[in-house]
Amino acid sequence: MAAPRLLLGTVLACLTLRLCLAVCPETGAVDPGLGGEEAQGSCGCSTSRGNRAPGEAASRKYSREVHLPQQPGNGPKDKDEGRQMASIPAGVFTMGTDEPAIQQDGEWPARKIHINHFFMDLYEVSNREFEKFVNATGYLTEAERFGDSFVFEGMLSEQVKSEIHQAVAAAPWWLPVKGADWKHPDGPDSNIVDRMDHPVLHVSWNDAVAFCTWAGKRLPTEAEWEYSCRGGLENRLFPWGNKLHPNGQHYANIWQGDFPTSNTREDGYKGTAPVTAFPPNSYGLYNIVGNAWEWTSDWWSISHSADTAQNPKGPLTGTDRVKKGGSYMCHKWPAHTTA
Ligand SMILES: *[C@@H]1O[C@H](CO)[C@@H](O)[C@H](O)[C@H]1NC(C)=O
Ligand SMILES: [Ca+2]
Ligand SMILES: [Ca+2]
């Protein structure tokens, strides 16, 4: 079966994955005291737009639900147990908005979401962690099998750039690069030797699911991701508060300067940063905003019910998966929209 390589490539290009592990899935023990909690601010926890069509065939090809190993009777655990995960308490938050800045983003209506207790990885999955998975399983990513992936032109060598004669009309700074994959994130003449602690890139949703299965975890739902991104704060634009640069400090790896031509790297990073860089949010999650986009398990959709929901898992079908949080290439802060 032919996979839509070009389209899939646009998704492969700047993504990582963060895993979560739900516990005690059916307790429904939501603290009623949290019922009034409203998180209207988006905390910069934005959803990706675009890339609506990619990877349908490929997604179906490998599509399978990832089920957690059941742990009956264990109940919520508050200890990390060496998994480098944060315990995210059960609670209620408001997802979406009734006043979306961009209707097509599917960020409306505002809906009350109950979330059970679960664990979330503290960090984006690093190259080192991904290499452990590949070493243990021999897994070949989709980018490796397809032979190419999309790379931001600003990261390419002149040599590689000169060999490319094709670009995406809507986003001409993304170039299809032969030999770009997680081990060669900026094209065939690049490597990850000095970036083992940076987020793994060029990982498709199917790759992400394979990694999760190996790790005994699963991808977070969009609701879980967004809830944990907010770090328990209400009405904040960012996970750390309302200012993009409190006290002149950078709290995320995004883009400073005129995109895509000038990257002033005031936050210290031209490309990705180590997964441990920058202060964590109040749940202890690092780089939940910025650095690399993160996969969730939900299908992308622009229509949502206004009903209150318990641990929603998103639409039953779709053509693309939801990714969250932006990347080092995010230049216009998407915080005015809730996602
Ligand atoms: C993966 O295997 C290679 C070759 O044996 C080894 O050099 C490398 O350290 C391993 N990576 C990790 C993260 O364990
Ligand atoms: Ca940066
Ligand atoms: Ca991130």
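Just so it is clear, the values below take in all heavy atoms, side chains as well, and ignore hydrogens, waters and symmetry mates. In each ligand, atom 1 is the first atom listed, and ligand 1 is the first ligand listed. Since we're looking at a predicted model, the values are computed, not measured.
- In this structure, atom 7 (O) of ligand 1 has no protein heavy-atom contact shorter than 4.0 Å.
- Geometry at the Ca ion (ligand 2): OD1/Asn253 and O/Tyr269 form an angle of 100°, nearest 10 degrees.
- When each atom of ligand 1 is checked for a heavy atom of Glu131 under 4.0 Å away, the hits are 1 (C), 8 (C), 10 (C), 11 (N), 12 (C), 13 (C).
- For the residue pair Asp189/Ser157, the side-chain donor-acceptor check at 3.5 Å is satisfied.
- Classified by interplanar angle (parallel below 30°, tilted 30° to 60°, perpendicular above 60°), the ring pair Phe152/Trp174 is perpendicular.
- Glu294 contributes atom OE2 as its closest N/O/S atom to the Ca ion (ligand 3).
- Looking at Asp121 and Lys217, a side-chain N of the basic residue comes within less than 4.0 Å of a carboxylate O on the acidic one, giving a salt bridge.
- Ring to ring, Trp182 and Phe130 are close: their centroids are under 6.0 angstrom apart.
- Taking backbone and side chain together, Asn287 holds an N, O or S atom under 3.0 Å from the Ca ion (ligand 3).
- When only modelled atom types and interatomic distance are considered, His117 and Ser87 share a side-chain donor-acceptor pair under 3.5 Å.
- Glu266 lies apart from the Ca ion (ligand 2) in this respect, since none of its N, O or S atoms is found at a distance under 3.0 Å.
- Nearest protein neighbour of atom 14 (O) of ligand 1, counting heavy atoms only, is Asn135 ND2, 3.8 Å.
- Residue Gln256 does not count as close to the Ca ion (ligand 2), with no N, O or S atom under 3.0 Å.
- Checking Asn263 against the Ca ion (ligand 2), every N/O/S atom stays at or beyond the 3.0 Å cut-off.
- A salt bridge does not link Arg128 with Glu131: every distance from a Lys NZ or Arg NE/NH1/NH2 to an Asp or Glu carboxylate oxygen is 4.0 Å or more.
- Ion pairing of Glu224 with Arg218 is present here, as a side-chain N (NZ or NE/NH1/NH2) and a carboxylate O approach within less than 4.0 Å.
- The Ca ion (ligand 2) has no N, O or S atom of Lys270 under 3.0 Å away, backbone or side chain.
- Rounded to 10°, the angle formed at the Ca ion (ligand 3) by O of Gly290 and O of Ala292 is 90°.
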Go through it in stages, so that I can follow the logic: the residues are Asp207 and Tyr139, the test is side chain to side chain donor-acceptor pair (under 3.5 Å), and I'd like the CA-CA distance, side-chain angles, deciding distance and then a yes or no.
CA-CA 9 Å; Asp207 299 335; Tyr139 185 83; 2.6 Å; yes
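- For the Ca ion (ligand 3), the nearest N, O or S atom contributed by Glu124 is named OE2.
- Atom 1 (C) of ligand 1 is flagged as protein-proximal [any protein heavy atom, distance under 4.0 Å].
- Below 30°, between 30° and 60°, or above 60°: for Phe93 and Tyr227 the angle between ring planes is between 30° and 60°, a tilted geometry.
- Note: angle at the Ca ion (ligand 2), from OD2 of Asp267 to O of Ile254, is 70° (rounded to 10 degrees).
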